[in-house]
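Written out below as structure tokens is the structure these notes cover.
Residue numbers begin at 1 in each chain, while the letters A, B, ... track the order of the sequences.
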Amino acid sequence: MALSTQSYKGARDFYPPDKRLQKYMFGVWRQVCERFGYEEYDAPILEPLEIYLAKTGEEIVNEQTYVFEDRGGRQVVIRPEMTPTVSRMVAAKRQELAYPLRWYSIPNLWRYERPQRGRLREHWQLNVDIFGVVGSVAESEMITLVDAMFKAFNAKPTMYEIRLNSRQLVDYALGTYLGFNKAEALVIGKLIDRKAKMEQTKFIAAVDAACSPKAREAGAVEKLMELLAIDELSELPATLQGQDSVKALETLLQQLKQAGITNIRFDIGLMRGFDYYTDIVFEVFDLHPDNNRSMLGGGRYDGLVGLFGVAPVPTVGFGWGDVTLANFLELHHLLPVLAAETDLYVALVGDIAVAAQQPIATLRKNGLNLAVDLSGRKLGDQLKAADKKGIKYALVIGADELKSQKYKLKDLTTGQEQAVTLDGIAAKLKKPRAA
RNA sequence: GCGGGCGUAGCUCAGUUGGUUAGAGCGUCGGGUUGUGGUUCCGAAGGCCGUGGGUUCAAGUCCCAUCGCUCGCCCCA
């Protein structure tokens, strides 16, 4: 029985062209992060089970993560997300770090579940966090950074939409305003999260079923539906308008719009699950009709660092998966044509491999990435190989060239060819790779 | 964990109401006289029709099971 060549379920092989795309995406992420003063960090892919148990329910950890026992009998998890890890790192050096911390990372993460579109078992996720800032200036910076990333990927404002909400506002609305108790609010919050996927009548029926008679009689279902239909802060009922959370959202929206971000709006139905978020939450939606889904999300989570036994640190952060980004770029035709890292493919004519070493060494010393064809094939076949590898230029070296010190440089995309000196080649090829 | 769809050449697929030696395009390899590819011409290799069982004179085609892929649900960090 032959061995299977398939990669592990839900995980991908990255052949050089795939890796080229990944490097491009990560490169843009890194560039924008660093432009905003964020520093890269990293951590082990394995973590002790406890740091996830503290935050999420045990079921989720057991059913949706890779958990195993190591040889020392310790329960180990392959990290399904980065947030507990980075919180652990901050807590460990809580006293000595220089706040505000601006940190980012692009970890690979694993979750144990059936793969589907946009959701694999292994993926990479950009994580950006700012620690130690209390006011909404942190959210403002974070969303500005997100928007700068979309612009750096050449996305237009019509392709995506930033949606904002406040967990405090939702808590107040479900509790004090609509009169749900905590258990009801939890169930209804989850329903609101799924509302877009449900039919209106089914949604209403489900909310109604989750209501206590008392809340139902007070008209909570109708009031909730009215509330969910609102898409401007100014349309909120007066009792909600007075909330600090609404004022914070107002300030934030105003700031961002003034900064030129127009595709942003308030969305009271935005939940981001019912996990560790404590205040403002945000998501970016793909507006393409074939992929109307959330691409990235984040918000404020002030409580996590404190779980490690130190004073809490206010934090705002988001995560953005490589799969959803790649889907977005593909659907909107934003994938650039990526040239190989190799600048130049050297084709040898005749038995001159030894004699050609000197010019080859000179070109490398001049900073060029070059590959030499070692096959001794016909020239045509060597050029074909260069083209297939995605290399833009080929250089022909034969007895004539060695003698005249002029080499034939061929642009494989245009087919144009010219005779140049070694220095001329380096000068000509130094820059174009970035594009 | 639950449900739908699909497994035929390296890839994308065709294959009639079951009927001889299973096809195409692309790709790969060789050639069109020894220094020019990506366009063209000629040729070749390459398939246990996912796997196992069943029905039948006869199965790529029908039935059952199983594995794999895929889309969705649940869940969402």
(request) Assign A:Lys408 to base, sugar-phosphate, or nothing according to its heavy-atom contacts below 4.0 angstrom with the strands shown. (result) base

(message) Looking at A:Asp343 and A:Lys392, is there a salt bridge between them, counting it only when a charged N and a carboxylate O are closer than 4.0 Å?
(response) no

(request) Identify, with sequence neighbours excluded, every residue that meets side chain to side chain donor-acceptor pair (under 3.5 Å) alongside A:Ser245. (result) none

(request) Please confirm whether any donor atom in the side chain of A:Gln125 sits under 3.5 Å from an acceptor in the base of B:A77, or the reverse. (result) no

(request) Determine the interplanar angle of the A:Trp29 and A:Phe26 rings, folded into 0 to 90°, and report it as parallel if under 30°, tilted if 30 to 60°, perpendicular if over 60°. (result) parallel

(message) Taking any heavy-atom pair under 4.0 Å as a contact, classify A:Arg194: base, sugar-phosphate, or nothing.
(response) sugar-phosphate

(message) Could you check whether A:Trp124 and A:Phe14 have their ring centres less than 6.0 Å apart?
(response) yes

(request) For A:Tyr160, enumerate each residue passing the ring-ring contact (aromatic ring centres under 6.0 Å, His included) test, keeping only those at least two apart in sequence or located in another chain. (result) A:Phe150

(message) Once you apply a heavy-atom cut-off of 4.0 Å, does A:Asp400 come out as touching a base, just sugar-phosphate, or nothing?
(response) base

(request) Identify, residue by residue, the members of residues 409-423 of chain A with a heavy atom below 4.0 Å from RNA chain B, and return them in order of residue number, or none. (result) A:Lys410, A:Leu412, A:Thr413, A:Gly415, A:Glu417

(message) Categorize A:Glu113 for me: base, sugar-phosphate, or nothing, with a 4.0 angstrom heavy-atom threshold over every strand shown.
(response) base

(request) Could you tell me which residues satisfy side chain to side chain contact (heavy atoms under 4.5 Å, CB included) with A:Ala148, sequence neighbours excluded, listed by chain and number? (result) A:Val32, A:Phe36

(message) If the condition is side chain to side chain donor-acceptor pair (under 3.5 Å), which residues does A:Arg265 pass it with, not counting sequence neighbours?
(response) A:Glu161

(message) Output the pairing pattern of RNA chain B as a dot-bracket string, 5' first, Watson-Crick or G-U wobble with both distances under 3.5 Å, | for cross-strand pairs, [ ] for crossing pairs.
(response) (((((((..((((.....[...)))).((((.........)))).....(((((..]....))))))))))))....

(request) Could you tell me whether the side chains of A:Glu40 and A:Tyr104 share a donor-acceptor contact shorter than 3.5 Å? (result) yes

